[in-house]
Amino acid sequence: MNWLLGGSPQTQEHQGESSTLGFDAKEVSNISSFLGQPGLFDSQKLHPLAGLDRGIEYLDLEEEQLNTVEGAQGLIPSRNWTDDLCYGTGAVYLLGLGVGGAYGFQEGLQNLPANSSSRLKLNTVLNHITKRGPFLGNSAGVLALTYNLIDSSLDAVRGKHDDLNSVAAGALAGALFRSSAGVRPMGYSTVIMAAAAGAWCGIKRVLQ
Amino acid sequence: MSADHTRDPCPIVVLSDFGGAFSMGVIGGCVWHGIKGFRNSPYGERGYGTISAIKSRAPVVGGNFGVWGGLFSTFDCSVKAIRKREDAWNAVIAGFFTGGALAIRGGWRHTRNSAITCACLLGVFEGVGMMMQRMTAQPTMAPAYPEDVKPLSA
């Protein structure tokens with residue numbers, strides 16, 4: 001379940017030398033002292049078929065390497081910035097689509113034409129869903145796309161990923177989103193998006 | 001056929017495909033409708049026309065792409081789970097269902113035609129993909145045997 005819940009890859013790397021070598025390298029003074037250690041040339045361990053009872057070891061393939069930017073280990077383990085982009089945009093887009101669709105659904109239920117056939121009722125509700133859902137989803141998706149692009153660029157420039165990057169990327173994305181509507185809407189959208197990015201950082205920290 | 005290691009495992013790859021297709025649509029829509037808005041605007045308002053065309057159209061293109069890609073991925077995963085195998089038919093079946101689902105409000109005939117068209121399109125894609133794979137694959141070299149081995153005479 002590592003791929004879904006974002007396991008901790010750090011724990012596998014710091015096992016310490018003593019467990020891999022079989023002895024502590026710092027305590028070795030000369031050859032005979034370490035050749036004479038008991039259990040070093042254990043025929044049970046050196047046999048070609050030794051260690052089969054411990055299960056299978058898997059190769060780490062090159063393309064499955066996780067993101068190495070400092071602090072970039074998110075909820076879902078990502079390989080690079082395209083993973084972040086796709087998952088972030090997809091999640092926000094689906095969320096927008098779902099929320100907008102739910103809003104349209106209840107709006108459609110309220111506006112049912114009186115004394116109409118069930119087919120007409122169904123059509124009314126579907127029309128309201130498809131009016132609200134895609135609009136909210138598209139707007140949210142475009143915002144998330146801009147945010148992720150700017151965030152990944154900032155990560156690459158600064159060489160690390162932290163909350164400051166996220167908030168700055170949110171502010172820039174919000175400013176760009178409403179940049180053609182005038183100064184005041186642009187300011188509102190900047191503040192809202194920066195706050196949303198900050199809130200997301202907090203939620204991520206709680207969930208992790 | 002071995003598993004594809006460049007793609008994530010099934011339930012969660014749907015999310016990635018939604019986002020990827022949406023991003024592709026938005027960026028492509030920016031280019032497409034930017035040029036279209038620029039060309040269709042009168043002189044002096046070309047910059048404004050470009051911006052407003054992008055603003056109104058690019059998210060819609062992105063949304064269409066995203067819904068198509070996400071639905072396709074969902075159906076692809078479902079078909080994989082039901083058939084328990086990975087081959088080219090998965091994409092064709094998933095394309096059939098995707099085309100049908102997207103056209104389901106247009107009536108029975110429209111749904112059927114759209115599903116069949118989509119399945120054929122995906123079939124062509126898969127065929128072309130396999131052909132490209134076969135063309136770019138390394139040719140298998142036959143082992144070089146020595147030409148004329150003299151029979152043991154002694």
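Remember, it's a predicted structure, so these values are computed and weren't measured experimentally. Letters A, B, ... are given to chains in the order of the sequence lines, protein chains preceding strands, and every chain is numbered from 1.
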Interface moiety of A:Asn148 toward chain B, non-hydrogen atoms closer than 4.5 Å: neither
If you count heavy-atom pairs under 4.5 Å between each of [options] and chain B, which one has the most?
| options | result |
| --- | --- |
| A:Leu94, A:Thr130, A:Leu145 | A:Leu94 |
| A:Ala91, A:Pro134, A:Gly137 | A:Ala91 |
| A:Ser139, A:Gly90, A:Gly88 | A:Gly90 |

Can you tell me how far apart CD1 (B:Ile27) and CG (A:Leu149) are? Round to the nearest 0.5 Å.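 B:Ile27 CD1 to A:Leu149 CG: 6.0 Å, rounded to 0.5 Å.
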Measuring only between side-chain heavy atoms, which start at C-beta, is B:Arg105 closer than 4.5 Å to A:Asn127? yes
Is it true that atom [atom1] of [X] has more than 12 heavy atoms of other residues, nucleotides or ligands lying nearer than 6.0 Å?
| X | atom1 | value |
| --- | --- | --- |
| B:Arg39 | CZ | no |
| B:Phe75 | CZ | yes |
| B:Phe65 | CZ | no |

Search all heavy atoms of [X] against all heavy atoms of [Y] and return the closest pair with its distance.
| X | Y | value |
| --- | --- | --- |
| A:Gly141 | B:Phe22 | C-CE2, 3.2 Å |
| B:Val60 | A:Asn138 | CA-ND2, 3.8 Å |
| A:Tyr87 | B:Val13 | OH-CA, 4.2 Å |
| A:Cys86 | B:Ser16 | CB-O, 3.4 Å |

